[in-house]
There are 2 protein chains.
Amino acid sequence: MALDDRKKLIMQAIVEDYINTAEPVGSRSISKKPELNLSAATIRNEMGDLEEMGLLVQPHTSAGRVPSTSGYRLYVDSLMEKYEMTAAEIAEIKQAACKKTQELEKIVRDVAAAFSSLSGLPVIGMLPGTETGVVKNIKVVKIDNDKAMLIVSDKSGIIKNKLLNLHQDISDEFADQLSEILNQNLAGLTISKINLANIMEVQSVIGKNFEILASVMELVHEAVMEIDTKQIFVEGLSNILRFPEYGNVEKVKELFDAVENRENLSKIIMEAVPSGQAKVLIGEEIPVPELKHNSVVLAPYRVSDQIMGVLGVLGPARMDYSKVISALEFFTKQLSDVLRKDFGERQKLIGRGDE
Amino acid sequence: MALDDRKKLIMQAIVEDYINTAEPVGSRSISKKPELNLSAATIRNEMGDLEEMGLLVQPHTSAGRVPSTSGYRLYVDSLMEKYEMTAAEIAEIKQAACKKTQELEKIVRDVAAAFSSLSGLPVIGMLPGTETGVVKNIKVVKIDNDKAMLIVSDKSGIIKNKLLNLHQDISDEFADQLSEILNQNLAGLTISKINLANIMEVQSVIGKNFEILASVMELVHEAVMEIDTKQIFVEGLSNILRFPEYGNVEKVKELFDAVENRENLSKIIMEAVPSGQAKVLIGEEIPVPELKHNSVVLAPYRVSDQIMGVLGVLGPARMDYSKVISALEFFTKQLSDVLRKDFGERQKLIGRGDE
DNA sequence: ATTAGCACTCTCCTTTGCTGAGTGCTAACA
DNA sequence: TGTTAGCACTCAGCAAAGGAGAGTGCTAAT
């Protein structure tokens, strides 16, 4: 059966109606739309066809129709019109994205929170992982008699720091010495390559003159490991309560349980990485069975063409894809801009130096 | 009407029954308890009295009774037996509290998360504020061509750091110079006393030789302000979904809305500060009307007798006070221990130096 | 090809009646 | 005088029954 223009138009109307009302769509309500000058009976015939094609499903015999996963997929891929953001919305986003200078993690989380409250949907996000990260600089700074701070920056300027509690007094010179040793041995490696064996080696190079070194190296290892674990977060999860589909607590609980599991989130976010642009996962396409009635829109953010992390929106399958996709793309672009300004600028300096 | 021993016993049985079942307690179920050898009719008479005294309320004519706020209050203040934690529980808590060396914020949040998953209740917490904090040391460390890190530590060793993005190349010497200037002028002040006027003054002392100073000082101000804002957090909020009282989404939404408001949390936590020990707020005693069906147990944690912050448990009014109070006290004690080890030890060193 | 009409289906809401838990009161009992 | 058994009464909660409304598929007419 061919999917002619009229069918497409009807399909689009159904999906959009369902997105707005969350109620199964009947033939009458579609026939009322002025752009389709057709009777309910005609619509019924067409809807029958669309159901046969697997684009619609009927919750029960005498109810209206609801889009199936492939129905949404069709809508997202070819029916949907691009949502044009209003000037007001753009202004609001820009304002939210215009964050004060601070650490990467905070910026990303803040932007995610702003996006969540703006979109009224939960936002999931991932902070930069390790595959991309090459350690450029390690520094140990004495900040107190028995405390030092370990500061690690990677080539795109991402910074992670960790307090080293040495339980033993150290000197400034010792910290400097330590910085030098660590830099000589670890700078240039990707973070994921810095493992315990590696660190042990460093330790053996230095020799075991200082007893304190063993515990320091252990802490360094811990610190690097901590950088290693990709950080995944969720902001504004309670926004989901606004939707009628979460009208009973069972559903809410199921969702919360699924989302509190890092593994699940990680699986979802990994789906976005290869694509490099906004990606929509609908219903069963999400690699977490519990979320089969939801959809996720994912988009990566970058610093100088390098994917740094991912931001995603989680909502019911009937979410307003058009709007969410536009907004998410805009947000990740803004985020990329902010990050480039704060963390990427040095690229130019380096570039200049190399020329 | 006097509250004789039998009434107390009955009252205790009612509260505990209700804590366990979440169902209004009838006379029959109480009369079955072996420790009270009384018939249902007698219990009914007593319950009538207790209701008249305002300790119990009846949801409707033919239902059992439920403790009122003053009923819970009586229970907590004089009826309740102290819960003795099992060795297994203690071991689990110790294990959870035995955190790796890391920054204060992370420790506290991790402990709160562990407590939440252990108690099955949401945990709210506050990180150290500013009234207590006296800046002891400020350090600016160059970590890249155009970036530096500002590290602030206070007298109890709490550390807060912030990335300074200078958008301009600086030298190590400049960073050192800056550290010295900041230290000379700001060390010794409480964080809350470091305001813009103050910083401006520093700036005027240095003179305006370097144009870059203006922006640095602005960033310093921002950083200090950021330290200033008390940080309040909630862990494991979704635990609340386990309770039958949150069986409908309206209730859940109301709670989430109330809890997402920082002002509310701040109000609640402030209640704990003067007391200095575990404090229970029941029902309407909570300064947030939306939480009138809940209770909060709060306890401060300390470093060397100085209150550093607060941890609290939020749950339905019928929570197991005895258990929650014991566990919370134990947890905050453990937290204090960990913090003392990581942040407080230097106190001794300083003390030694002064002697 | 489109549409009006009709019989049919099924959910949802309301009504009705019943059951069971719980109460208050009274009278008998120790 | 305190305690208890008994009884009539109340009320939430559940299930069954009935009706309304929305929607469908099919057929016949346009």
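We name chains A, B, ... by the order of the sequence lines, and we start the count at 1 in each one.
One atom, CZ of B:Arg6, and another, C1' of D:dT4, lie 12 Å apart when rounded to the nearest Å. The separation between B:Ile10 atom CD1 and D:dT3 atom C1' is 12 Å, rounded to whole Å. We find that CG of B:Asn37 is positioned 18 Å from P of D:dG2, with the value rounded to whole Å. Protein atom CD1 of B:Ile43 is 14 Å distant from nucleotide atom C1' of D:dG2, rounded to whole Å.
For the pair B:Thr42 and D:dT4, the criterion of a side-chain N or O lying under 4.0 Å from OP1 or OP2 is met.
Applying the salt bridge (Lys or Arg N to Asp or Glu O under 4.0 Å) criterion to A:Glu89, with sequence neighbours excluded, gives A:Lys323. For A:Glu51, the salt bridge (Lys or Arg N to Asp or Glu O under 4.0 Å) criterion is met by A:Arg65, not counting sequence neighbours. Qualifying salt bridge (Lys or Arg N to Asp or Glu O under 4.0 Å) partners for B:Arg242, counting only residues two or more places apart in sequence or in other chains: none.
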message = For nucleotides 11-29 of chain D, give me one character per nucleotide, 5' to 3': B if any protein heavy atom sits under 4.0 Å from the base, S if the only such contacts are to the sugar-phosphate, - if neither.
response = BS---------BSBB----

Please output the side-chain donor-acceptor pairs of residues 249-256 of chain B that fall under 3.5 Å, not counting sequence neighbours, one pair per line with the distance.
none

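Every pair passing ring pair (Phe, Tyr, Trp, His ring centres under 6.0 Å) that includes a residue from residues 27-74 of chain B is listed here, sequence neighbours excluded: B:Tyr72-B:Tyr321.
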message = What verdict does the side-chain contact (heavy atoms from CB on, under 4.5 Å) test give for A:Val324 and A:Ser119, after you've listed the backbone C-alpha separation in whole Å, the side-chain angles of each residue and the deciding distance to 0.1 Å?
response = CA-CA 7 Å; A:Val324 167; A:Ser119 67; 5.7 Å; no

